[in-house]
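We name chains A, B, ... by the order of the sequence lines, and we start the count at 1 in each one. Note that these values count all heavy atoms, side chains included, but never hydrogens, waters or copies made by symmetry.
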Amino acid sequence: MNIDLPTQYNPQSVEKPIYEKWLASKAFHAVPDARTNRFSCVIPPPNVTGALHLGHAINGTIQDILTRYHRMKGDNTLWMPGIDHAGIATQAVVEKTIFEKEKKSRHDLGREELVRRIWEWKEQFGARILNQLASIGSSCDWDRTRFTLDDICARAVREAFFKMFKDGLIFRGKRLVNWDAQLQTAVADDEIYHETVKGQMTSIKYPVDGSPDEYLIVATTRPETMLGDTAVAVHPDDPRYTHLHGKFVILPLVGRRIPVICDGLLVDPKFGTGVVKVTPAHDPNDYATGVRHNLEQINLLTPDGKVNENGQGEFLGQKYSYVGLKFATAARKQVLGDLETLGLIAETKVHEHEVGHSDRSKTPIEPYLSDQWFVRMGDLVDAAEPPKGGTPNVGSSAFRRSSEEGITLANGKRAPGLAQAAMDAVTDGRVKITPERYAKSYLDWLGQKRDWCISRQLWWGHRIPVWSREVLSSKESGADSAPVKWEQEFHWKNKIAVQRMGGVEYVCLADSARFDPPNEYAETVRKLVHDGYTQDPDVLDTWFSSALWPISTMGWPANGTSEKADDQLLPYFYPTSLLSTAREILTLWVARMVMFGLYCHGDVPFKDVYIHAVIQDGEGRPMKKSLGNGVDPVDIVASHGADALRFTLASMATETQDIRMPVVKDQKTGVNTSPKFDLGRNFANKIWNASRYVLSNVDEKQEAGIKNQEVTALEDRWILSRLNSTIQAVHDSINHYRFADLAEALRSFFWTDLCDWYLEIAKARIKAGDSVVQSILLHCLETTLKLLHPVMPFITEEIWSKLPNRESMLITAAFPVVDAGRIDTAAESQIALIQSVTSAIREIQNRYPAAKGKDVVLQPRDANVQGTIEKSRSIIEPLAGVRIAENSLGATKPENAATAVLPEVQVYIGGVIDKAVEMPKLQKRRDELTKLATSQRNKLGNEAAIAKVPAAVVQGWRDQLTKYEEELAAIEKNLQELGA
RNA sequence: GGGCGAUUAGCUCAGUUGGUUAGAGCGCAUGCAUGACACGCAUGAGGUCACAGGUUCGAAUCCUGUAUCGCCCACCA
């Protein structure tokens, strides 16, 4: 064929047009049809503010490999794409931008305006990361792209919230949140970073009530929190304090009389003085202690981080007040000063400790007691039983349920609770996690059954669909002391649910789609507002909508009830086949999807979970912006091409939890890169050139199919055998998520077997225009392009389009299946012999440049070997560039011959020897063999031991020993001839 | 503190239930402009499998311990 291709593959000119061809062909778009073989997965939706990083790239590569593989196999294949609104992260980014440009805070703009601006921002930048995913070749069904805040997802969120509210799985509770006093918002745990701060540990003397001059000494790094102490705790078994059990101390500065309590969980008697101050409202451990002992919780903070009216009192006849002072700074100073004056400071030590800081405002966070919404994770049983895992949430531990235990899943089955339902799905194998060890993290985390705080004090997100009104003052209802009680529930036409908790009535509205006529929803809201109800200002934790992602993107709660194709997605593609993600969100996300899938829709969201490794830099550090050690996949696409990026990432995707990627700065561009990507680029280039060679040497009308009778030549039988082994390996490695094995199988077949050996062997026939070789070449090329396509889609599609008689696209071509009849072990062992003889000759030629072109004498071990070699002269001779002068059992060694001793044959090239080179080499080999043979003999000589070893293994050892001995004898002979 | 993982060639990693002389790519060394490819071809040199014990006829592989590194979770008043 007359073909005009550049000698180097240029991904930049190929990738874009190819991608557009795929889009135009609608190959990515999945529509439910009659097929029962299906493959589906949902993308872990990237953050809308995000940019592609290597984590996305490796995960995208993995998902795309599977998606393309299944599509080619003929499965109805859906890869559902989308973006996450990412609550706080997005709001913070936009707020920051607005502040930088306009010097306005969100309070200046107001809620509506800020949300409008974030949407505007989303419209402008939201598609960036999806475009970047497309640039690495991701074959997502872009027509179905979802956003966690779009109407379809919002409907699912409100539906799920309503259902849980109605079932008593959502409740109001107090909880310590991480309070960012600067932004005046609660901050999620994972948005906190810790910084080591040099602080001091102060020991304070608390006078014992009714025992003059006796003090309990407590140590603290947060002296200002003492204003909120409601107890001091000692260990119940600590003999030093037994006499104080049941006694009280007087809280300095405040004058409050607080009890000495015994608590074995909080107090470590060996630490410090063995006495701990207890501040339930400002410390998580103390909070849990407070719940255990029914202690008063005194909040000292105003939302902007100052001391509130609780921060005052009277001690020893003197009034003290800290109201209005900044809590952790001014108030602390003042408290310490006053204690000093009173002589109540026993000791001050420098103490380094970790202080949580808000990632957004970079200011220290404060534990802050506030009302929040929770999803109940634990088993629903009578509250007389203590909650599992000692969860400290008020609402949880006091939750009562009078009628029945457990919850009902959407399939009608019962489960003890949400967490347990999700645990069972993994323990009984409905969800399989790969690598298996991660199942343990999943189960451990869920096993704690900690209630999930789902409210966030933000404006960007799904607003909580609850309106509330106080029906009794908290005093009247006794809410402060009595456990929160679930009083009442009713629904009205299944769209309104009401709960009363702590004297407040909460009205939850279902999604507006449930209301009829359409304006009934707005009408209901208007009525609620008129009656004095206000909508909860908070929004839901981002993970709430993420937890619904597999069902919401497929249209839940619509479930095949209408004829519309989109309503058929859920029954057709759910449960999805696979979820591929990073281990860090196994709990936050994966566990919650399983819960919600079971609870809302009655089935697990995916059958398989694959956890990919995390890419680190060459020193084993995580890639971080602050370290400047990150590699940007977009840069790699520009420098090496998307296929090179994908191939390299696949080849690094082993089952370990971390993979290291040495990072270097590119001298020309100043951009971070890694020599690892050269591997992919070089391979792409190899594919390009081999294809170029094949295409320029086949007839335009050449058919790729092979007819049985044509395949007679050894090398032809061999390459087809290798090809079919490779097909098998490709199926196996993809199905077991072994992507590094996949890449290696592809590389070694294409590069070593096909290019280095087959093409070289076949060159003479190729030049001669042999049509059998042409059809085999085409067959191999066509098949390997298919095998390679899932990993390297662009270059393979491009070459595919150059094949003769090619009209359809590779992306939808049928994936190769193994033809077991082509596996030919005889051909494989014969070619292996040819390869080792050829290499041996080349080795001699390398050792003795003078040997080049000189005749070779071969002395085979037996007639069998002799015959194989004899038949393969025409292969060996051109490959090694020699003439085989003799090949016989009785061959005599030429004068001054250089020697290569193989197990099957001795290779001689005469007239070139240099004793100084030859002797040490032979001696070294002799010593090696002597050692090996001796140990082998010893092994076989131990008769008592041999009796226990399987006969086949023993026979293997004997054969091995024979080989050693034969080779050793040959070496000895050669040494003798050299006069050693 | 709890859990998980890693430690194999200079580097990055394979090594599937214990059983031929532990492999690959990169890098290195030597040679090569050979009608596909120098992003290439050929050849070679590199390993006490972290350390110490144990089980076994036999251990990179199983067990125990130690060291170093990393991750996740919980946190030291």
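In this structure, A:Tyr287 atom OH and B:A74 atom P are separated by 17 Å, rounded to whole Å. One interatomic measurement links the two molecules: CD1 of A:Ile659 to P of B:U7, which rounds to 14 Å at whole-angstrom precision. One atom, CZ of A:Phe739, and another, P of B:A14, lie 15 Å apart when rounded to the nearest Å. Counting to the nearest Å, the P atom of B:C26 and the CE atom of A:Met652 are 14 Å from each other. Separating the CZ atom of A:Arg437 from the C1' atom of B:C4 is a distance of 8 Å, rounded to the nearest angstrom. The CG-P distance, from A:Leu902 to B:U21, rounds to 18 Å in whole Å. As a whole-Å value, the separation of A:Leu586 CG from B:G3 C1' is 13 Å. A:Arg842 has its CZ atom 16 Å from the P atom of B:C32, to the nearest Å.
Minimum atom distance to the side chain of A:Tyr693 is reached by B:A36, of the listed B:A36, B:A24, B:C39. Which of B:A42, B:U21, B:A45 sits closest to the side chain of A:Lys924 comes down to B:A45.
Pairing for B:C76 is absent, with no Watson-Crick or G-U wobble pair whose two atom distances lie under 3.5 Å. Across the strands present, B:G31 finds its partner in B:C41; the criterion is a Watson-Crick or G-U wobble pair with both atom distances under 3.5 angstrom. With a 3.5 Å ceiling on both atom-pair distances, the Watson-Crick or G-U wobble partner of B:C69 is B:G5. Within the shown strands, nothing qualifies as a pairing partner of B:G58 under the Watson-Crick or G-U definition with both distances less than 3.5 Å.
OP1 or OP2 of B:G15 lies within a sub-4.0 Å distance of a side-chain N or O belonging to A:Arg738. Within the structure, a side-chain polar atom (N or O) of A:Asn682 is placed less than 4.0 Å from OP1 or OP2 of B:G40. Between A:Thr654 and B:C13 there is no side-chain polar atom (N or O) within less than 4.0 angstrom of OP1 or OP2. Residue A:Trp751 has a polar side-chain atom (N or O) positioned under 4.0 Å from OP1 or OP2 of B:C41. Contact annotation: A:Tyr964 side-chain N/O to B:U21 OP1/OP2 distance is under 4.0 Å. Close to B:C13, at under 4.0 Å from its OP1 or OP2, lies no side-chain N or O of A:Thr656. Remark: A:Lys763 is in phosphate contact with B:A36, judged by side-chain N or O atoms under 4.0 Å from OP1 or OP2.
For the C1' atom pair drawn from B:C26 and B:G40, the interatomic distance equals 15 Å after rounding to whole Å. Spacing of P atoms, B:G1 relative to B:A9, comes out at 31 Å, to the nearest Å. When the P atom is compared between B:U8 and B:G47, the two are found 15 Å apart, to the nearest whole Å. One C1' atom belongs to B:G46, the other to B:G23, and the distance between them is 14 Å to the nearest Å. B:A22 and B:A59: their C1' atoms are spaced 13 Å apart (whole Å). B:A60 and B:A52: their P atoms are spaced 13 Å apart (whole Å). Comparing the same atom, P, in B:U12 and in B:G70 gives a spacing of 14 Å after rounding to whole Å. Comparing the C1' positions of B:U68 and B:C32 gives an interatomic distance of 45 Å, to the nearest angstrom.
A:Arg646 contributes no side-chain N or O that, together with a main-chain N or O of A:Met792, makes up a donor-acceptor pair within less than 3.5 Å. Not one N or O on the side chain of A:Ser651 forms a donor-acceptor pair closer than 3.5 Å with the backbone of A:Ala743. Side chain of A:Asn689 to backbone of A:Gln8: no donor-acceptor contact under 3.5 angstrom is found. A:Asp643 places a side-chain N or O within 3.5 Å of a backbone atom of A:Ile795 that can act as its donor or acceptor partner.
Between the side chain of A:Lys686 and the base of B:C37, at least one donor-acceptor pair of N or O atoms lies under 3.5 Å. For B:C39, the base has a donor-acceptor partner in the side chain of A:Gln8 [N/O atoms by modelled type, under 3.5 angstrom].
Using a 4.0 Å heavy-atom cutoff across all strands shown, A:Asp756 reaches sugar-phosphate atoms only and no base atom. Using a 4.0 Å heavy-atom distance criterion, A:Arg925 is classed as a base contact. Note on A:Lys963: nothing from the nucleic acid sits closer than 4.0 angstrom, heavy atoms only. At a threshold of 4.0 angstrom between heavy atoms, the contacts of A:Arg583 are confined to the sugar-phosphate backbone, with no base atom among them. At the heavy-atom level, A:Arg681 lies under 4.0 Å from base atoms of the strands shown. Counting non-hydrogen atoms under 4.0 angstrom, A:Trp957 reaches a base of the nucleic acid. A:Gly618 comes within contact range of the sugar-phosphate backbone alone, with a heavy-atom separation under 4.0 Å but no base atom that close. In this structure, A:Ser748 reaches neither bases nor backbone, as no heavy-atom distance under 4.0 Å exists between it and the strands shown. When heavy atoms are screened at a 4.0 angstrom cut-off, A:Gln936 is found touching the sugar-phosphate backbone but no base atom.
B:G58 adopts an anti glycosidic conformation, its chi angle falling more than 90° from 0.
A:Lys924 and A:Asp927 are not joined by a salt bridge, as no carboxylate oxygen comes within less than 4.0 angstrom of a charged side-chain nitrogen.
Ranked by how close their nearest RNA chain B nucleotide is to the 5' end, A:Pro903 and A:Ser651 are led by A:Ser651.
When each of A:Asp229, A:Asp286, A:Asp283 is tested with A:Lys277 by the rule side-chain hydrogen bond (donor to acceptor under 3.5 Å, both in side chains), just one qualifies, namely A:Asp229. A side chain to side chain contact (heavy atoms under 4.5 Å, CB included) with A:Phe683 is found for exactly one of A:Trp688, A:Phe647, A:Tyr9, namely A:Phe647.
A heavy-atom distance below 4.5 Å is not found between the side chains of A:Val609 and A:Val426.
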